Undergrad: 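Below are the structure tokens for one structure; questions will follow.
No experiment lies behind these values; they were computed from the predicted model shown. The sequence lines fix the lettering, A, B, ..., with proteins before strands; numbering per chain opens at 1.
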Protein chains: 2
Amino acid sequence: MTAQAAGVSVAVSTVIFALRPSPHDGRMTVWLPLVRRIREPFDGRWALPGGPLEADEDLAASAARTLAETTLLTPQYLEQLYAFGNTDRSPGERVVSIVYWALVRSDEADVAVETENVRWFDADSVPELAFDHNLIVEYALWRLRNKLEYSHIASAFLGDTFTLSELREVHEAVLQKPLDPANFRRQIESSGQVVPTEHLKTGGRHRPARLYRYNTAEPDPSNGPLGTRQPSAPKDAS
Amino acid sequence: MTAQAAGVSVAVSTVIFALRPSPHDGRMTVWLPLVRRIREPFDGRWALPGGPLEADEDLAASAARTLAETTLLTPQYLEQLYAFGNTDRSPGERVVSIVYWALVRSDEADVAVETENVRWFDADSVPELAFDHNLIVEYALWRLRNKLEYSHIASAFLGDTFTLSELREVHEAVLQKPLDPANFRRQIESSGQVVPTEHLKTGGRHRPARLYRYNTAEPDPSNGPLGTRQPSAPKDAS
DNA sequence: CCAAAAGTGTTGGCAGTACACCCATGA
DNA sequence: TCATGGGTGTACTGCCAACACTTTTGG
């Protein structure tokens, strides 16, 4: 007995976020890559990258794979967003989509490829997408902005070390509002999420800034018992 | 091309929470119903209620259906928890489980049926379950305790009207710690989540307590763009 | 009257905000 | 030297925990 639910197929899609300078004012904003559909339904429309789940592939691994296939990048952060499975979300077919959201480093995203069928869009002005993908993007953006305030994810947009100004720029770009540098500094420092290094960043026409690193000892309180353990790490004792 | 991912089947399971008095000290604690498996794998083990997803059934509808089948109750609250889909979570078969969690009224749960193959367990001392269901229960409990602090879900354990003491008892039972009645009152009242009624509850050997009702006007900020609206959930008649 | 829970008042600590101010560098 | 961002100090405000106190019922 296969217990295979008749007619229900499983797909995995991923909302991939990166920060890029806006073409207008040059300020950093949130962007995401979309792929153009090349068949029905919704032929020609933009959609989230993804595809059917392979039988021998974990959910997060599938998300990481399609992410790499579309952007040639590896995610700094990857987390499940939601499972969308309404009966009417795909015309003529029953598809349950397990959607992940990912963060990639902004400097890497700058050089990411764009082709005829892969393009980056400003997250706050995406076109009309295929399926229910507009709702999915909206929800992912909401989660990103929400989670930024109580988690450590901002560093996923940056490299190994960074100044507090760079970290603040990330917050400002995601939350779309300016933050007081003094208060931001104290907030981050007292949270224990970051740890100062010996090095400074020079080169600006101003006092050099201390470089910080992420505090790997400090636990991320965000996901509870599921932890932040990432793609293809299906192991968990206890 | 059917796009049917070969060998991947979809199931929906539900973690159902209710408050019941502890058999030891009589204090209210969190309980959940489990069903005994009657075939391999894990024959004889306790497991979460659930079953394969029907092709013409929305995810939340499937969760509500199995909930009704096992407890004869309708949920006051129902929300998706997570999709579990590791390749090794079910021996010999690839199953992706979309798991929901639900809250049912405590007074209804008191009279819920128990049979040979359906039994209620204290949520903090469940036995060793089938599949990865121990992890799922642990995660659902974490979400419940977490969400209680920034959402409106506590009232789902109660009837239409309730005293602030009753609401506080719910919080104390879920969070497993006593709360200051005075501060709890102000916190709840200032949140605008509840609204006082004209009626009082008499009968105790003490001053009567005002009955409150849930404020349906106030939005629940918990789920963002997805809202608390549950796809084709057979409730929410008010 | 007393016991017990309903409900109000008051205080102190702590976190977030606004903003003034000094420091170190490149040009 | 000046402009610019790095970094510190400080006062104000609002929320929350603690707890003393008053109110209203049943017995």
Undergrad: Walk along nucleotides 21-27 of chain C from 5' to 3' and tag each nucleotide B, S or - by protein heavy-atom contact under 4.0 Å, base first, then sugar-phosphate.
TA: --BBBS-
Undergrad: How is B:Arg186 classified with respect to the nucleic acid when contacts are heavy atoms under 4.0 Å: base, sugar-phosphate, or nothing?
TA: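 It contacts base atoms.
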Undergrad: Regarding A:Ser190, tell me which of base, sugar-phosphate or nothing describes its non-hydrogen contacts under 4.0 Å with the strands shown.
TA: nothing
Undergrad: Which whole-number value in Å describes the distance from B:Asn183 CG to C:dG12 C1'?
TA: 13 Å
Undergrad: When rounded to the nearest 0.5 angstrom, what distance separates CH2 in B:Trp31 from OG in B:Ser125?
TA: 7.0 Å
Undergrad: Distance only, no hydrogens: is a donor on one side chain within 3.5 Å (strictly under) of an acceptor on the other, for A:Arg89 and A:Asn86?
TA: no
Undergrad: Roughly how many Å is it from CD1 in A:Ile188 to P in C:dG16, rounded to a whole number?
TA: 11 Å
Undergrad: Assign the ring pair A:Tyr214 / A:Phe162 to parallel, tilted or perpendicular, where the plane angle (0 to 90°) is split at 30° and 60°.
TA: tilted
Undergrad: Side chain of A:Asp180 only, heavy atoms from C-beta on: which candidate in C:dC19, C:dT8, C:dG16 is closest?
TA: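 Nucleotide nearest to A:Asp180's side chain: C:dC19.
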Undergrad: How long is the line joining CZ of B:Phe184 and P of C:dA5, in whole Å?
TA: 16 Å
Undergrad: Is it the case that atom CD in B:Glu128 sees more than 12 heavy atoms from other parts of the structure closer than 6.0 Å?
TA: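 No, because the 6.0 Å sphere around CD of B:Glu128 holds 12 heavy atoms or fewer from other groups.
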Undergrad: Considering only heavy atoms from C-beta outward, does the side chain of A:Arg210 approach that of A:His199 to under 4.5 Å?
TA: no
Undergrad: Taking side chain to side chain contact (heavy atoms under 4.5 Å, CB included) as the test, write out the residues that go with A:Arg185, two or more places apart.
TA: A:Leu164, A:Glu189, A:Tyr212
Undergrad: I need the A:Leu32 CG to A:Leu34 CG distance, nearest 0.5 Å.
TA: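 Going from CG on A:Leu32 over to CG on A:Leu34, the span is 5.0 Å.
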Undergrad: Would you say the side-chain atoms of A:Thr70 pair up with the backbone N or O of A:Leu67, donor to acceptor, closer than 3.5 Å?
TA: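 Present.
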Undergrad: When you list every nucleotide of DNA chain D with an atom under 4.0 Å from a heavy atom of chain B, which one comes first 5' to 3', and which comes last?
TA: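 Terminal contacting nucleotides, 5' to 3': D:dA17 to D:dG26.
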Undergrad: Scan A:Thr163 against the nucleic acid and name what it touches under 4.0 Å (heavy atoms): base, sugar-phosphate only, or nothing.
TA: nothing
Undergrad: Nearest-nucleotide wise, let me know which of A:Gln187 and B:Ala182 is further upstream toward the 5' end of DNA chain C.
TA: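 Its nucleotide being nearer the 5' end, the pick is B:Ala182.
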Undergrad: State, without any angle test, whether A:Glu79 and A:Tyr77 hold a side-chain donor-acceptor pair at a distance under 3.5 Å.
TA: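 A pair is found: one side chain offers a donor N or O, the other an acceptor, under 3.5 Å apart.
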